[in-house]
Trainee: 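Sharing a structure here in structure tokens format.
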Amino acid sequence: MPARKPLKVATFNINGVRTRLASLLAWLEREAPDIVCLQELKAPDEAFPVEPIRDAGYGAIWHGQRSWNGVAILARGADPLESRRGLPGDPKDTQSRYLEAAAHGLIVGCLYLPNGNPQPGPKFDYKLAWFDRFIEYAQGLVESEHPVVLAGDYNVVPTDEDIYNPRSWRKDALLQPESRARYADLLAQGWTDSLRQQFGEERVYTFWDYFRQHWERNSGLRIDHLLLNRALAPRLKEAGVDRWVRGLPHPSDHAPTWVSLARER
DNA sequence: ATGACGCTAGTGTAGCGA
């Protein structure tokens, strides 16, 4: 009986799905991820480029929004079965930041956690409130018997080992103790931070801002995370970052970040 | 401290988010 190819699950903050469509298609073609979580579509629902994505062999669901935010889930050779659109806990929150689906035997939560800058201020308050709602919701998923992955742009640099140099970022919302404490609280529920688990003490970045040649100098941050619940964590095989996508012309400031998982049985 | 991008309104360019 031949070994079955592992399942590749990726998250990619694309920073404009229309502007970055060619890069997205090139990446899907070359890396063939089985499940993709996209963030920052920056497009209303009717502008999501579903046809070229279907032509590339992917089923898709998306939760768009004009100008900002927006999340999508793609599944290779399958249609994601939507299980949630939007985070519970605040009916007045209209920002498109959470989408969840079943695909390829997994439950996949795709999130775009608020950036929170500038801090302090209302944007930072919203970030922390959103994070608190997310933690409360995630509690119900971590102990699920079903395999669950929570993948997305968390807008949190978990530790000083997850950034090239924290000095100039000390006042940034991504490094605040309140942000980091919440990420730690989330992990303490029992989630596995798959990139950190696989890389150990080795540095790994998923985001390089557009300023001051940070990409050329590998001055990066690790803010895109794939968290596995207890039912899924034993199946983790590999993790990585498709850095070549960040090196393409007119790139997103993030690179696709992924895990590979043993197929069930 | 600085500053790059995409998107919007709306045709030239500034504001917003990040």
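Keep in mind it's a predicted model, so treat the numbers as computed, not measured. To find a chain, count down the sequence lines: A is the first, B the second, and so on, and within it residues start at 1.
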Trainee: Return whichever of A:N115 or A:P251 has its heavy-atom-nearest nucleotide of DNA chain B closer to the 5' end.
Mentor: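 The residue closer to the strand's 5' end, by nearest nucleotide, is A:P251.
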
Trainee: Please report the distance separating the P of B:dG15 from the corresponding atom of B:dG10, rounded so that it comes out in whole Å.
Mentor: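 Going atom to atom, P in each nucleotide, I get 15 Å.
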
Trainee: For A:Q95 and B:dG17, what is the distance between atoms CD and P respectively, to the nearest whole Å?
Mentor: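 Rounding to the nearest Å, CD of A:Q95 and P of B:dG17 are 9 Å apart.
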
Trainee: In this structure, how many angstroms lie between the P atom of B:dG15 and the CH2 atom of A:W68, rounded?
Mentor: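 One finds 14 Å between P of B:dG15 and CH2 of A:W68, rounded.
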
Trainee: Got a second to check how far A:S219's OG is from A:W169's CH2, nearest 0.5 Å?
Mentor: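 Between atom OG of A:S219 and atom CH2 of A:W169 there are 10.0 Å.
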
Trainee: Rounded to whole Å, please give me the gap between CZ in A:R20 and P in B:dC7.
Mentor: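 For the pair A:R20 CZ and B:dC7 P, the rounded distance is 8 Å.
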
Trainee: Is the shortest side-chain N to carboxylate O distance from A:R180 to A:D162 below 4.0 Å?
Mentor: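 A:D162 and A:R180: not salt-bridged.
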
Trainee: Grab the CG-P distance between A:N69 and B:dC7 for me, whole Å please.
Mentor: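 For the pair A:N69 CG and B:dC7 P, the rounded distance is 13 Å.
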
Trainee: Do any side-chain nitrogens or oxygens of A:R212 fall under 4.0 Å of OP1 or OP2 in B:dA1?
Mentor: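 Result: no.
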
Trainee: Counting only side-chain nitrogens and oxygens, does A:R18 get under 4.0 Å of the OP1 or OP2 atom of B:dT8?
Mentor: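 Yes, because at least one side-chain N or O of A:R18 sits under 4.0 Å from OP1 or OP2 of B:dT8.
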
Trainee: Phosphate oxygens OP1/OP2 of B:dC16: is one of them under 4.0 Å from a side-chain N or O of A:S67?
Mentor: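 No, no such contact exists.
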
Trainee: Heavy atoms only, 4.0 Å cut-off, all strands: where does A:R97 land among base, sugar-phosphate and nothing?
Mentor: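 Sugar-phosphate contact only.
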
Trainee: Can a salt bridge be assigned to the pair A:D34 and A:K8 using a cut-off of 4.0 Å between side-chain N and carboxylate O?
Mentor: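 Not counted as a salt bridge, because no side-chain N and carboxylate O are separated by less than 4.0 Å.
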
Trainee: Please tell me if the side chains of A:L113 and A:Q39 come closer than 4.5 Å, counting only heavy atoms from C-beta onward.
Mentor: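 The answer is no; the side chains never approach within 4.5 Å.
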
Trainee: Select base, sugar-phosphate, or nothing to describe what A:F207 touches, counting heavy atoms under 4.0 Å on all strands.
Mentor: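 The residue A:F207 makes no contact with any strand.
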
Trainee: Write down the distance between CG (A:D172) and C1' (B:dT2), rounded to a whole number of angstrom.
Mentor: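 For the pair A:D172 CG and B:dT2 C1', the rounded distance is 14 Å.
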
Trainee: Of the options B:dA9, B:dA18, B:dG6, whose atoms approach the side-chain atoms of A:T19 most closely?
Mentor: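 The listed nucleotide nearest to A:T19's side chain is B:dG6.
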
Trainee: I need the A:L248 CG to A:W27 CH2 distance, nearest 0.5 Å.
Mentor: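 Rounded to the nearest 0.5 Å, the CG-CH2 separation comes out at 12.0 Å.
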
Trainee: Within the structure, does a side-chain N or O atom of A:K123 lie under 4.0 Å from either OP1 or OP2 of B:dG17?
Mentor: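 Checking A:K123 against B:dG17: at least one side-chain N or O falls below 4.0 Å of OP1 or OP2.
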
Trainee: Please compare A:D209 and A:G16 by the position of their nearest nucleotide in DNA chain B and report the one closer to 5'.
Mentor: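 Its nucleotide being nearer the 5' end, the pick is A:D209.
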
